[in-house]
Asker: 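The structure is given below, and queries will be raised subsequently.
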Amino acid sequence: MLNLIMTTRNIVSNESQRFLESLTNLSEDIKKNVLLVIVNQGEKMEAELDINYKEVCIEKCSLSHARNVGLQYIEESGIVGFPDDDCWYNQTVLPFVLENIVDKDFICVGVFDPYKNIPYGRNREMNQIAPITEENVLVLPISVGIFYKYNSIDDIPKFDEKFGVGTEWGSGEETDFLLQLMYNGKKGVYNSFDCVYHEAERNKDYDVKVTYKYSLGFAAMVIKSYITRNQIGVYKHLKKLMFRTRLAILYYMFSPKKRSVYVARLKGLNKGLKEGRNYYKK
């Protein structure tokens with residue numbers, strides 16, 4: 001069974017409805033193998049869906065907590081994925097996951113914007129296959145493209161509720177999830193020969209406050225991985241990303257809007273490293 005945990009605060013939004021429609025448009029052979037768990041933090045859904053689903057209504061909370069709630073309602077064994085309410089599926093990506101995860105513990109498919117015809121992020125090329133390692137886990141996987149095969153509920157790490165949207169450390173929960181899988185000996189691959197759809201280059205991607213909070217959580221998550229799991233490669237790669245951010249600040253010296261985003265990113269990364277060290281060295 002392919003279990004999909006989708007969290008939302010607005011089930012009637014155009015984005016949520018687009019995602020639900022993409023599921024109901026799947027072939028019957030795929031739909032019968034899908035369980036959708038909707039963790040709803042808003043008004044209860046009124047319409048019935050032409051797909052196997054469970055709706056769980058809860059108070060507003062962080063993304064990490066909502067996903068942990070969703071994990072309580074999935075099947076005892078199978079595959080689990082974590083779609084956002086603003087992503088959606090093409091007709092081939094779920095069959096692709098089922099076919100290509102057979103001999104792996106987890107797979108991270110590509111993420112692509114079909115409106116702009118571009119991948120989500122400049123480092124995530126389409127039609128690429130690479131094993132997930134400490135050196136690339138920070139740049140290749142995106143939460144909506146992660147699918148993990150488990151034999152029992154106990155095989156699934158809980159999301160760390162200190163991280164993610166709705167917390168002070170506003171990102172990093174999905175990377176922390178993958179790093180825990182890797183620490184547990186699980187093997188995975190990035191395979192972008194198929195993809196989940198998600199709009200790229202949104203306005204909030206260039207919002208200084210959003211960038212700062214995202215970077216804060218990202219760096220704190222890396223420090224957690226370094227200190228608690230001795231995943232040195234992740235920390236080394238973060239330092240490379242920080243060096244590139246400094247170069248970008250210089251490169252965009254005469255482009256104030258872009259420069260401000262990279263300045264916010266560097267400030268967030270530095271603060272996250274400091275806060276993470278203080279927290280995890282206790």
Side-chain angles (χ1 to χ4, degrees), residues 5 7 61-72 80-82 84 105-106 108 121 123-124 130-148 150 153-190 209-246 262 264-282:
I5 299 174
T7 76
C61 61
S62 71
L63 177 59
S64 295
H65 179 70
R67 284 174 171 166
N68 283 338
V69 170
L71 287 172
Q72 301 173 37
V80 62
F82 306 97
D84 291 338
D105 296 309
F106 63 93
C108 306
N123 295 311
R124 302 179 181 99
I132 299 295
T133 67
E134 291 183 17
E135 286 68 37
N136 64 26
V137 70
L138 298 184
V139 295
L140 290 182
I142 299 179
S143 60
V144 299
I146 296 171
F147 297 88
Y148 169 54
Y150 62 98
I153 298 296
D154 293 337
D155 287 342
I156 308 175
K158 293 294 190 293
F159 285 93
D160 189 332
E161 296 185 13
K162 293 188 294 296
F163 298 103
V165 175
T167 72
E168 287 302 312
W169 288 346
S171 71
E173 77 287 352
E174 73 275 10
T175 307
D176 180 69
F177 178 87
L178 290 179
L179 285 165
Q180 185 61 50
L181 289 181
M182 294 162 66
Y183 183 74
N184 293 344
K186 306 298 183 182
K187 305 292 184 183
V189 66
Y190 178 77
K209 291 182 180 179
V210 171
T211 298
Y212 174 81
K213 197 159 189 178
Y214 180 93
S215 301
L216 186 73
F218 193 72
M221 176 274 302
V222 169
I223 283 295
K224 172 192 173 181
S225 176
Y226 179 45
I227 292 177
T228 67
R229 296 187 287 247
N230 196 34
Q231 292 172 312
I232 299 172
V234 181
Y235 178 74
K236 288 182 176 179
H237 192 74
L238 176 67
K239 301 301 283 187
K240 291 179 183 178
L241 293 177
M242 294 179 72
F243 176 72
R244 293 173 191 166
T245 300
R246 293 186 182 96
Y262 285 102
R265 179 180 296 174
L266 187 60
K267 287 182 178 178
L269 292 174
N270 282 323
K271 185 71 176 298
L273 287 176
K274 182 178 179 181
E275 290 187 359
R277 286 193 185 98
N278 290 339
Y279 184 87
Y280 289 105
K281 282 187 176 179
K282 292 180 181 178

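The figures here come from the full heavy-atom set of this structure, side chains too, leaving out hydrogens, waters and symmetry mates.
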Asker: For I156 and V80, work out which heavy atoms get closest and say how close.
Answerer: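 That closest heavy-atom pairing would be CD1-CG1, 4.4 Å.
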Asker: With side chains defined as the heavy atoms from C-beta onward, is the minimum distance between F218 and L238 less than 4.5 Å?
Answerer: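 Sidechains of L238 and F218: in contact.
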Asker: Does any part of the side chain of T175, heavy atoms only, come nearer than 4.5 Å to the side chain of S225, both counted from C-beta?
Answerer: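 A side-chain contact under 4.5 Å is absent here.
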Asker: With no hydrogens and no angle check, is any side-chain donor or acceptor of T211 less than 3.5 Å from a backbone partner on R265?
Answerer: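 Not at all, since once roles are kept as given, no pair shorter than 3.5 Å links the two residues.
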Asker: Measure across I132 and P141 and return the closest heavy-atom pair with its distance rounded to 0.1 Å.
Answerer: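 Looking at all heavy atoms of both residues, the closest pair is CD1-CG, 3.8 Å.
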Asker: State the CD1-CZ distance between I5 and R67, to the nearest 0.5 angstrom.
Answerer: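 The CD1 atom of I5 sits 8.5 Å away from the CZ atom of R67.
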Asker: Please state whether the rings of F82 and F159 are parallel, tilted or perpendicular, taking 30° and 60° as the class boundaries.
Answerer: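 Taking F159 first and then F82, their aromatic rings stand perpendicular (interplane angle over 60°).
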Asker: Take the angle between the ring planes of Y279 and W169 and call it parallel below 30°, perpendicular above 60°, tilted in between.
Answerer: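 The rings of Y279 and W169 stand perpendicular, inter-plane angle above 60°.
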Asker: Taking all non-hydrogen atoms of both residues, which atom of E173 and which atom of V165 are closest, and how far apart?
Answerer: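 For E173 and V165, the tightest heavy-atom pair comes out as OE1-N, 4.5 Å.
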Asker: Please find the pair of heavy atoms, one from M182 and one from Q231, that lie closest to each other, and give the distance.
Answerer: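 Smallest interatomic distance, heavy atoms only, reads CB-NE2, 4.4 Å.
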Asker: Apply side-chain contact (heavy atoms from CB on, under 4.5 Å) to the pair I153 and L71, showing each step before the final yes or no.
Answerer: CA-CA 8 Å; I153 298 296; L71 287 172; 5.9 Å; no
Asker: Restricting to non-hydrogen atoms, name the atom on I227 and the atom on R277 that form the minimum distance, rounded to 0.1 Å.
Answerer: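 Closest approach of I227 to R277, heavy atoms only: CD1-CA, 4.3 Å.
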Asker: Would you say M242 and L273 make side-chain contact, with heavy atoms under 4.5 Å?
Answerer: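 A side-chain contact exists here, since the closest heavy-atom pair is under 4.5 Å.
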Asker: Are side-chain heavy atoms of L140 and C108 found at a separation under 4.5 Å?
Answerer: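 L140 does not reach C108 side chain to side chain.
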Asker: Under 3.5 Å, is there a donor-acceptor pair between the side chain of D160 and the main chain of S64?
Answerer: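 Not confirmed, D160 side chain does not pair with S64 backbone.
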Asker: For the backbone of E275 and the side chain of N278, can you confirm whether one donor and one acceptor N or O come within less than 3.5 Å of each other?
Answerer: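 Judged by distance alone, no pair lies under 3.5 Å.
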Asker: Indicate whether the side chain of Q180 and that of N184 have a donor and an acceptor atom separated by less than 3.5 Å.
Answerer: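 Yes, N184 and Q180 have a side-chain donor paired with an acceptor closer than 3.5 Å.
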Asker: Quick check for you: to the nearest 0.5 Å, what is the distance between N136 atom CG and R124 atom CZ?
Answerer: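 Between atom CG of N136 and atom CZ of R124 there are 11.0 Å.
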Asker: With a 3.5 Å distance limit and no angle check, can you tell me whether R229 reaches the backbone of K224 through a side-chain donor-acceptor pair?
Answerer: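 Such a contact is absent between R229 side chain and K224 backbone.
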Asker: Which atom pair, heavy atoms only, marks the closest approach of A66 to T7?
Answerer: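 A66 and T7 have their closest heavy atoms at CB-CG2, 3.6 Å.
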Asker: Hey, are E135 and H237 close enough side-chain-wise for a donor-acceptor pair under 3.5 Å?
Answerer: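 The criterion, which ignores hydrogens and geometry beyond distance, is not satisfied for E135 and H237.
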Asker: Output the distance between atom CG (L216) and atom NZ (K274), rounded to the nearest 0.5 Å.
Answerer: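 Answer for the CG-NZ pair, L216 versus K274, is 12.0 Å.
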Asker: So does E168 have more than 12 non-hydrogen atoms from other groups sitting under 6.0 Å from CD?
Answerer: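 Atom CD in E168 is not crowded, with 12 or fewer foreign heavy atoms closer than 6.0 Å.
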Asker: Any side-chain heavy atom of Y148 within less than 4.5 Å of one from L181?
Answerer: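 Yes, side chains in contact.
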Asker: For the CD1 atom of I232 and the CD atom of E134, what is their distance to the nearest 0.5 Å?
Answerer: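 So the gap between those two atoms works out to 8.0 Å.
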Asker: With rounding to the nearest 0.5 angstrom, report the CD1 to OH distance, I223 to Y280.
Answerer: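 I223 atom CD1 to Y280 atom OH measures 10.0 Å (nearest 0.5 Å).
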Asker: Rounded to the nearest 0.5 Å, what separation is found between the CG atom of L179 and the NZ atom of K186?
Answerer: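 So the gap between those two atoms works out to 15.5 Å.
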Asker: Do D105 side-chain atoms and G188 backbone N/O form a donor-acceptor pair below 3.5 Å?
Answerer: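 Such a contact is absent between D105 side chain and G188 backbone.
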Asker: With the side chain counted from C-beta on, respond yes when R246 and L266 share a heavy-atom pair under 4.5 Å apart, and no when they do not.
Answerer: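 Yes, side chains in contact.
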Asker: When the ring planes of Y226 and Y235 are compared, do they come out parallel, tilted or perpendicular, using 30° and 60° as the limits?
Answerer: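 Rings of Y226 and Y235: parallel, under 30°.
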